[in-house]
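Note sheet for the following structure.
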Amino acid sequence: MTENIKQGDFLPEFHITGGAGWINDPNGLVYYKGEYHVFFQYHPYGTAWGPMHWGHVVSKDLTSWRYLPIALTPGGVGDKDGCFSGTAICAFQKLYLMYTGFEENGGGEAVRQVQCLAESEDGVTFKKLGVVIGSDDLPADFMPCDFRDPHVFEKDGTFYCLVAAKKVGGKGRLLLYRSKDLKRWSFFSDALGFDSDGVMFECPNYVDSLGLLMVSDQLPAPKEDGCLNVHSTRYFIGKMDFTVGRFIVENQGVLDYGFDFYAPQSFADCKDSIAIGWLNMWDRNVPSVKYGFAGMLTVPRRLSVVDGKLKQEPVVMKREVFKTAVERSLTDEVMTGVIEIRAEKLKNFELKLRCGDGNYTLIKLVDGAIEFDRSKSGEAIVGVEKDELSLSGKRKMPFTRQDKTTFTIVLDKYSVELFDGTFVMSSTIYPPKTAIGLELTVNADSCVYTRYDVIK
Ligand code: FRU
């Protein structure tokens, strides 16, 4: 008897993908007419990055997603070769997308990146309105070939737009523009006033209610405390002074300590601050290409700022299916779902996930840090990072000992997202389907293990 194999059998259970084809950054996250809309950088005709379209899914519960038609296709004024990343905003009873139009022109400094606008009344079909911030709107010492990822937001009746840009002969900056109608923009300020660590900033996202600015950075120097990926995302906490257009940084940190996280953004027009990132990384092989898709998005995370520090917790609809106290160790079976481990006075901890046929993914406490090891997680993922931890398949995340510790682990077929209430670590893994064993060893005053199914 032949097994009836459907492409869907190979897709993640509850993480957003393109279905088929390549995806990268989440775009245009917005709550519009009772649904959460997520757009994403999408190449529908291949499993490698190519001419960028905007794919589109919607959800009522942030867990179960329905595909809508492609929202933006390259080929218009200013976006001949791609509709790059951007954001959304509801205004004047319509849904607007602001995105980067990309024209290659043979590459290098001849590339043109401009900011374009599109509008929709039904949230499904979009009409392009053309270029609204062009090369001529750049201050003279900035390069028109590296000018992208507009983040549009409204404050006290004025629209603002943060755009990543590169100084001539220099590094990345975040430029702030102002408008009253989303169509006519004028340059306001250099919003951060300092350079990117790496060669260029990408995908800025400002959450006014939290005083939070998230920004991705291309090719920062590798640092063992969290920036080991070839590209990395930081957050700044502080205050935007709208009188001069300057964000005053009070605190900063790393958004995610895992292998696969980039370009997060938060939902616009939503009462909660909820963000989604790209659960993948540039310049690595993606084993799922053989199933016809590459790239997925993280589960949504609720963001809050406590004592000047960013906290993140996963948002997934889930149902408890198994709960038990753990004396010292426990075994279970799970491929997809949510695992919660609550411990009092945690001294030591080791968790093996997706065990089977010699494969496993290891999370353990080592010298006051959480270590994630995917060196035995199935198919190899090889990147350009050359530091020792990356080469040995490991990532580390800080861990603060407290009286009570809760680890929440969101597991899908190809991913592990670990939350400890403060820090997060997200990585992809590609073990065989048969590897579903879980082994937990814990040394704590008490420990409770709970397994949930994700409800779709
Ligand atoms: C970030 C990024 C953006 C750009 C998009 C192109 O991952 O490089 O800067 O708009 O991807 O797909």
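When a ligand or atom number is given, it counts from 1 through the structure's own listing order. For the single chain, residues carry numbers from 1 onward in sequence order.
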Would [X] and [Y] count as a close aromatic pair, with their ring centres under 6.0 Å?
X    : Y    : value
Y99  : F126 : no
F84  : F102 : yes
Y177 : F187 : yes

| remark: Exactly one candidate in D412, N280, D260 meets side-chain hydrogen bond (donor to acceptor under 3.5 Å, both in side chains) with T428; the answer is D260

| C203 side chain reached by Y262 side chain, heavy atoms, under 4.5 Å |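 Not in contact.
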
Find all protein N or O atoms under 3.5 angstrom from an N or O atom of ligand 1 and list the pairs with distances, or write 'none'.
unit_1   : atom_1 : unit_2 : atom_2 : d
ligand 1 : 7 (O)  : D25    : OD1    : 2.7
ligand 1 : 7 (O)  : D25    : OD2    : 3.2
ligand 1 : 7 (O)  : W282   : NE1    : 3.0
ligand 1 : 8 (O)  : E202   : OE2    : 2.9
ligand 1 : 9 (O)  : R148   : NE     : 2.9
ligand 1 : 9 (O)  : D149   : OD1    : 3.4
ligand 1 : 9 (O)  : D149   : OD2    : 2.6
ligand 1 : 9 (O)  : E202   : OE2    : 2.9
ligand 1 : 10 (O) : S85    : N      : 3.1
ligand 1 : 10 (O) : D149   : OD1    : 2.6
ligand 1 : 11 (O) : N24    : ND2    : 3.2
ligand 1 : 11 (O) : D25    : OD2    : 3.1
ligand 1 : 12 (O) : N24    : ND2    : 3.1
ligand 1 : 12 (O) : Q41    : OE1    : 2.7
ligand 1 : 12 (O) : W49    : NE1    : 3.0

| query | With a distance cut-off below 6.0 Å to the six-membered ring centre and an angular limit of 45° from the axis, does K433 pair with F10 as a cation-pi contact? | reply | yes

